Amino acid sequence: MMSFFEKTFHVGRPNIPNKEKVLSKFSEVLNNKWLSNSGPMVQELEHQIQQYLGVKHCICVCNATIGLELLQRALDLKGEVIIPAFTFIATAHSLRWQRIDPVFCDVRLEDHLIDPTKIESLITPRTSAIMAVPIWGQPCDYSALQEIADKHGLKLIFDSAHAFGCKSGDQYLGRFGDAEVFSFHATKVFSTGEGGAITTNSDELAKKLRLMRNFGFTSYDKTNHIGTNAKMSEFAAAYGLVHLDELDSIIEHNKKIHQAYLDEFNEFEELSFMDYKFLGKSNYQYVVALLASEIRDSLVDYFHAHGILLRRYFYPGCHRMEPYTSHESYQGLNLSITEKISSEIVIFPTGRQMKQPIVQQLKILYKNFKNSFPLNIKSR
Ligand code: T4K
């Protein structure tokens with residue numbers, strides 16, 4: 001088939017920052033002869049993130065999945081932890097990797113966030129924490145979650161992988177609960193290639209996390225904690241320092257692209273784009289749409305055939321993936337909203353690869369899809 005576009009568009013295509021500046025920073029790393037173990041680049045990045053988010057401590061790590069595991073260990077989580085079923089599988093796996101059982105809670109239809117009204121019935125004597133996810137960079141219902149956590153003596157942490165640069169009201173995410181974990185993966189709005197950070201206002205927790213990130217060493221020959229190697233390299237931090245300077249302009253660009261999708265696709269009743277109209281600020285990292293489940297997969301296939309790599313994040317839902325789906329304790333779950341969203345969701349590309357005229361072209365491609373699709377597309 002002749003491709004509609006000359007190049008391929010990816011969901012998650014990195015926004016590469018100024019190349020000369022990146023290479024110059026890499027050169028500094030080489031001159032420093034300091035490549036890892038909390039060197040000057042990591043320290044500077046942590047300092048700048050603390051300033052940017054207005055949080056007391058930022059502990060950079062090698063990726064968010066390891067960051068989640070490190071945090072769960074530092075807080076001594078055990079037994080069961082309640083998480084949303086609608087999230088990337090790393091949220092669940094980070095727990096199970098440490099033999100903690102994720103307990104899946106359903107989400108809200110309107111914003112895909114964990115539904116606080118469904119949490120209390122899932123709490124058992126084995127529950128040690130709630131780990132919520134500000135999905136698509138939308139703030140969670142922090143006061144409701146904190147109230148439940150306090151009432152039941154649970155820790156409250158956030159897998160904020162999507163939410164760097166987002167605000168709830170006038171507060172940047174990064175200061176809620178006991179701690180939050182961000183992802184700086186290549187596909188994220190702010191990136192260090194691979195990487196992530198744990199942010200917290202607790203001095204004690206931050207101190208423990210810093211030690212545990214580096215094998216538990218307190219001095220050359222002494223450890224006082226079990227630890228692992230979760231360190232970020234100096235090259236990753238150097239890239240991050242350049243990227244951070246460009247973050248606000250990337251978010252501005254994403255915002256315009258998001259608005260172009262809303263405007264261009266407005267005429268299609270059956271395809272609805274999420275509008276980030278919450279009180280606060282979005283990073284517009286994900287362009288999320290919902291489409292009748294009977295045609296969602298055909299749309300994805302059609303667009304892929306034309307070089308537009310739409311994604312079905314997070315189909316089919318964590319509870320429908322191994323090792324959870326086959327395990328008896330996850331049988332008979334009623335997670336109807338998670339299942340509805342995962343069967344209808346489709347993510348469109350954004351970031352610097354996208355320009356407004358390309359969104360207009362995508363609209364034409366969508367019209368062609370509708371014309372070629374044999375079924376009558378009804379509104380959702
Ligand atoms: N919690 C949540 C809620 C998360 O969403 C994530 C990660 C995590 C925790 C864990 O964070 P990390 O441990 O990764 O820091 C991607 C990302 O790998 C993952 O970080 C992200 N969430 C997830 C939502 O998406 P895949 O399997 O979809 O990625 P992949 O390899 O298909 O790449 C996406 C697209 O980007 C492809 O079309 C190729 C393109 N791409 C990718 C890379 C890496 C590029 O053009 N350049 C690149 O360098 O998971």
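Every number for a ligand or one of its atoms is a count from 1 in the order of the listing. Remember, predicted model here, so these are calculated numbers, not experimental data.
Contacts between V11 and ligand 1, counted as non-hydrogen atom pairs separated by less than 4.0 Å, involve the backbone only. Contacts with ligand 1 closer than 4.0 Å are made by heavy atoms of both the backbone and the side chain of T65.
Heavy-atom proximity to A186, at under 4.0 Å, picks out these atoms of ligand 1: 44 (C), 49 (O). Within ligand 1, counting atoms from 1 as listed, the ones closer than 4.0 Å to a heavy atom of G195 are 15 (O). Against a heavy-atom cut-off of under 4.0 Å, A90 is close to the following atoms of ligand 1: 8 (C), 9 (C), 10 (C). Interface atoms of ligand 1 facing T87, defined by a heavy-atom separation under 4.0 Å, are 3 (C). Near G12, meaning under 4.0 Å from any of its heavy atoms, are these atoms of ligand 1: 36 (O). Residue-ligand proximity, S183 to ligand 1, at heavy-atom distances under 4.0 Å covers atoms 11 (O), 12 (P), 15 (O).
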Could you give me the CA-CA distance, side-chain angles and deciding distance for Q48 and E44, then say whether side chain to side chain donor-acceptor pair (under 3.5 Å) is met? CA-CA 6 Å; Q48 289 198 20; E44 179 58 22; 2.7 Å; yes
Is there a ring pair (Phe, Tyr, Trp, His ring centres under 6.0 Å) between F88 and W136? Walk through the geometry before answering. CA-CA 11 Å; F88 188 56; W136 318 132; over 10 Å; no
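Counting only N and O atoms by type, the side chains of E28 and N32 include no donor and acceptor under 3.5 Å apart. Looking only at atom types and distance, the side chain of H152 has a donor-acceptor partner in the side chain of E120 under 3.5 Å away.
Aromatic ring centroids of H93 and Y324 lie under 6.0 Å apart. A distance below 6.0 Å separates the ring centres of F86 and H112. Aromatic ring centroids of Y366 and Y302 lie 6.0 Å or more apart. No close placement of the W34 and F235 rings is indicated, their centers lying 6.0 Å or farther apart. Ring-centre distance between F369 and F303: not below the 6.0 Å cut-off.
When the options F182, F88, Y286 are ranked by their closest heavy atom to atom 50 (O) of ligand 1, first place goes to F88. Of the options Y313, F184, W136, F314, the smallest heavy-atom separation from atom 16 (C) of ligand 1 is shown by Y313. Proximity annotation for atom 22 (N) of ligand 1: of R311, K188, R312, H162, K188 comes nearest, heavy atoms only. With atom 47 (N) of ligand 1 as the reference point, the heavy atom nearest to it among A64, S94, P14, A92 is part of P14.
In terms of protein heavy-atom proximity, atom 42 (C) of ligand 1 is closest to T187 CG2, 4.0 Å. The protein heavy-atom contact nearest to atom 18 (O) of ligand 1 is H185 CE1, 3.1 Å. The protein heavy-atom contact nearest to atom 1 (N) of ligand 1 is D159 OD2, 2.7 Å. Given atom 2 (C) of ligand 1, the protein heavy atom at minimum distance is A161 CB, 3.4 Å. Counting protein heavy atoms only, atom 46 (O) of ligand 1 is closest to R13 NH1, 2.7 Å.
In summary, E344 and K340 engage in a salt bridge, as defined by a charged side-chain N under 4.0 Å from a carboxylate O.
Taking the centre and axis of the six-membered ring of Y315, the NZ or CZ atom of R296 falls inside the cone set by 45° and 6.0 Å. Both tests do not hold together for K255 against Y284: distance to the six-membered ring centre under 6.0 Å, angle to the ring axis within 45°.
Looking at H10 next to ligand 1, an N or O pair under 3.5 Å apart turns up.
Within the 4.0 Å heavy-atom cutoff, G193 does not count among the residues contacting ligand 1.
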